[in-house]
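Working notes, beginning with the structure itself.
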Protein chains: 2
Amino acid sequence: MAANRRPTLADVAREVGVSAKTVSRVLNEDGPSSPETRERVLAAVAKLGFQPNLMARNIRVGGPDTTVGLVVPDLGNPFFGTVAGAIEDVVRARGLTLLMGSSAEDADRERALIQTFLARRVSMLMVVPAFGADHSHLKAPRAAGLPVVFLDRPGVGLSADCVVSSNRTGVHEGVSHLIARGHRRIGFIGDLPANLYTRRERLAGYRSALAEAGLPYDRALVSGAHTQEEAAAETTALLARPQPPTALIAANNIMALGVVAQLTRAGRKDVALVAFDDLPLAEVLEPALTVVAQDPAAIGETAARTALARLDGDRTRARTHMVPTRLVVRGSSDLPHHAGDLGRHTGG
Amino acid sequence: MAANRRPTLADVAREVGVSAKTVSRVLNEDGPSSPETRERVLAAVAKLGFQPNLMARNIRVGGPDTTVGLVVPDLGNPFFGTVAGAIEDVVRARGLTLLMGSSAEDADRERALIQTFLARRVSMLMVVPAFGADHSHLKAPRAAGLPVVFLDRPGVGLSADCVVSSNRTGVHEGVSHLIARGHRRIGFIGDLPANLYTRRERLAGYRSALAEAGLPYDRALVSGAHTQEEAAAETTALLARPQPPTALIAANNIMALGVVAQLTRAGRKDVALVAFDDLPLAEVLEPALTVVAQDPAAIGETAARTALARLDGDRTRARTHMVPTRLVVRGSSDLPHHAGDLGRHTGG
DNA sequence: CTGAAAGCGCTAACAT
DNA sequence: ATGTTAGCGCTTTCAG
């Protein structure tokens, strides 16, 4: 009940009858110490319940704190949760602790979080850039030796390491797959705003797949949404067009939820679908959902290893790591109902 | 490129030609300062890119660090991600930063994380207890004034605040719902190990619902699993019994994924299902999934507010907060295919 | 093998 | 309105 002061190194030293430095030596296995002193110090530590104050230690040692700062847009999104988990696994092996915050996709909030992390002297900084954020304020800290790694999207205004999915080739592969199945009009439902990095890259993959197949790019088939509900509405709108698409590509997991929900509600089993980013129940949907799976754990792990290498003195130039995606063909891209129509073009 | 030392308060003071304390005063809006000095200090701060060292500040001020320690079993599980996000939203409003780690449901790892957090002098500690973990080692810190709050499951060996879902009444409600639909043999698929808190509570709710309806408790209808795949296998096993259940209750989100997947693969649209904890695509499954929804955001928020109240001096006795669940009836608990069979008992 | 003194970057408590 | 001194809890440096 009483708010007793936590014991300090000096308290332990007093208890044992040695100097503070001796206790410190024993605890950090710095310098030599007689087995007996060692024993008595350890006993006193246990008795008093002493725990070294890491802040005090770090301040004296002068280096960065043994923490890693991580900023993500949304902790509730399992994509970022998995990324964070992978980062933690890697850095904990080095004795580092994760300092984490959510930007809620707000540039100011991201900035404030980063400032807090810098004030805490994190040993490295990992950031999923919020939309519209600028990172030139990180130039000085980075020049001073702070490893900075961007995840999922590149940073703006700062040249630094970056780890992203192979968005472009991933979507290209998914769209090519649909084209190979005979589809000629494919709708694209991406994130908003339209110039968000992932949206741009994925749209580029969409366009390059069309171009490769000699298909026209029709702006009317491209739309975007923020939420699952908006994605559902966009799906309805696309399918209500005079010349509706026969297939859709949903450019992220939230969009996929909305599109799947809407196709199901509308009973449209005749529309093919490929989703970018996997979903837990993808395989049991009817039809099962074909996806271009990302690998969030690999993204987190790669980013953490890159940052640790920098911490260990890697001075090579900053580079962008692409984490490959993987096309998982299930049922939604290969619809029996449609086979007849498509057959006319290919079979005869 | 050069690893320049980060500027300190003294550097700023020297630059301006004032004492360190004056700079400190300006920055913390402590005591008075002339507008002119203020101006010059701020200019120097900007010029040098000075950022106060929070660790040094906190050590001097003496109180706890402005961080919150959070331990969860798995960062990738959206349930815990949402909990964490809600906590962060609440504590950031108080200027606190989240220190976060994953126990991977391992008691030793949880213990190590907590020790690290204590060494960092976190201002409060929030823990989802790992299975088998003991928390009596937190007695001293708690007695010394550290707010400790357990989430999702109560702590062991320590009396502290706790925030959990209303597991028992939630499952009771779900099972009663199935009984009201005419089901008499209801299978239970819960977590493992069987004496995990949430499993015990949810099983208790299952039993009380049966008892209330005068139905027998059949141990053969109760099973458990760790993973989605195991839950699928358990589903198959239950339905292969001589007298199979006509309905199932899946006691958490992972179990629900496995059961849904298996029922779909087996084409068993004649088995009713209620899941504890909502799933993103629950409403578009065929049939749509009836769930007992938890409210992870409310759990996180309640826990954070409770801890903050303690930090603010609340000395009332520790209590357990129940966050209500909500039965969301969709299609899976009300199967037309089954209506005929059930009708024989009730209708005529 | 151990200890004393100094100092990390900052602020509390007194000066002035 | 500003400066000085001391000290937070620890480690470094230099002596023994």
Side-chain angles (χ1 to χ4, degrees), chain A residues 3-42 44-45 48-67 116 118-123 144, chain B residues 3-42 44-45 48-66 116 118-123 141 144:
Chain A
N4 297 314
R5 196 176 51 83
R6 309 271 299 259
T8 85
L9 206 64
D11 295 328
V12 177
R14 203 172 308 117
E15 174 84 13
V16 182
V18 295
S19 78
K21 178 60 205 174
T22 298
V23 178
S24 170
R25 263 195 280 258
V26 170
L27 262 38
N28 296 314
E29 292 177 346
D30 192 25
S33 55
S34 79
E36 196 207 314
T37 322
R38 207 184 131 70
E39 194 91 6
R40 290 169 56 214
V41 165
L42 260 30
V45 164
L48 299 181
F50 167 76
Q51 275 177 312
N53 185 325
L54 264 184
M55 292 190 295
R57 171 173 224 286
N58 280 320
I59 211 185
R60 177 66 252 233
V61 172
D65 189 17
T66 53
T67 49
T116 304
L118 293 178
R120 290 193 169 279
R121 303 296 189 264
V122 292
S123 60
Chain B
N4 297 314
R5 196 175 51 82
R6 310 271 299 257
T8 87
L9 206 64
D11 295 328
V12 178
R14 201 172 309 117
E15 174 84 14
V16 182
V18 295
S19 77
K21 179 64 202 175
T22 298
V23 178
S24 169
R25 262 195 281 257
V26 169
L27 261 38
N28 297 312
E29 293 177 345
D30 193 26
S33 56
S34 80
E36 194 208 314
T37 328
R38 206 183 133 69
E39 194 91 5
R40 289 168 56 214
V41 166
L42 261 31
V45 163
L48 299 181
F50 167 77
Q51 276 178 312
N53 184 325
L54 264 183
M55 293 189 295
R57 171 174 222 286
N58 280 321
I59 210 183
R60 175 67 253 229
V61 172
D65 188 17
T66 53
T116 304
L118 292 178
R120 291 194 169 277
R121 302 297 189 263
V122 293
S123 60

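Computed from heavy atoms alone, side chains included, the values below leave out hydrogens, waters and symmetry copies. Throughout, protein chains are lettered first and strands after them, A, B, ... in sequence-line order, and every chain is numbered starting at 1.
For B:Glu36, the salt bridge (charged side-chain N to carboxylate O under 4.0 Å, His left out) partners two or more places apart in sequence, or in a different chain, are B:Arg40. Considering only residues two or more places apart in sequence or on other chains, B:Thr66 meets the side chain to side chain donor-acceptor pair (under 3.5 Å) condition with A:Arg120. Applying the side-chain contact (heavy atoms from CB on, under 4.5 Å) rule to B:Pro141 yields the partners B:Leu118, B:Leu138, B:Leu146; only residues at least two apart in sequence or on another chain are considered. Taking the side chain to side chain donor-acceptor pair (under 3.5 Å) definition, one finds that A:Thr116 meets it with nothing, sequence neighbours left out.
Bracketed by its first and final contacts, the part of DNA chain C lying under 4.0 Å from non-hydrogen atoms of chain A reaches from C:dC1 to C:dG9 in 5' to 3' order. You can see that DNA chain D meets the heavy atoms of chain A within a 4.0 Å-exclusive cut from D:dG9 to D:dT12, reading 5' to 3'.
Sorted by residue number, the members of residues 28-35 of chain A with any non-hydrogen atom under 4.0 Å from DNA chain C read A:Pro32, A:Ser33, A:Ser34. Listed by residue number, the members of residues 52-62 of chain B with any heavy atom below 4.0 angstrom from DNA chain D are B:Ile59, B:Arg60.
When all heavy atoms of B:Pro64 and B:Ser123 are compared, the pair lying nearest together is CB-CA, 3.6 Å. When all heavy atoms of B:Arg38 and B:Ser33 are compared, the pair lying nearest together is CG-OG, 4.2 Å.
For the helix from C:dC1-D:dG16 to C:dT16-D:dA1, the angle separating the two terminal helix axes comes to 40°, with each axis derived from five pairs and the value rounded to 10°.
Between B:Arg121 and B:Arg38, the residue anchored closer to the 5' end of DNA chain D is B:Arg38, taking for each the nucleotide with the nearest heavy atom.
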Sequence neighbours excluded and cut-off under 3.5 Å, please list the side-chain donor-acceptor pairs for residues 9-26 of chain B, or say none.
| unit_1 | atom_1 | unit_2 | atom_2 | d |
| --- | --- | --- | --- | --- |
| B:Asp11 | OD1 | B:Arg14 | NH1 | 3.1 |
| B:Asp11 | OD2 | B:Arg5 | NH2 | 3.3 |
| B:Asp11 | OD2 | B:Thr8 | N | 2.7 |
| B:Glu15 | OE2 | B:Lys47 | NZ | 2.6 |
| B:Ser19 | OG | B:Lys21 | N | 3.4 |
| B:Ser19 | OG | B:Thr22 | N | 3.3 |
| B:Ser19 | OG | B:Thr22 | OG1 | 3.2 |
| B:Ser24 | OG | B:Asn28 | ND2 | 3.4 |

Identify all side-chain donor-acceptor contacts of residues 54-62 of chain B below 3.5 Å with residues at least two apart in sequence or on another chain.
| unit_1 | atom_1 | unit_2 | atom_2 | d |
| --- | --- | --- | --- | --- |
| B:Asn58 | ND2 | B:Leu54 | O | 3.1 |
| B:Asn58 | ND2 | B:Asp65 | OD1 | 2.5 |

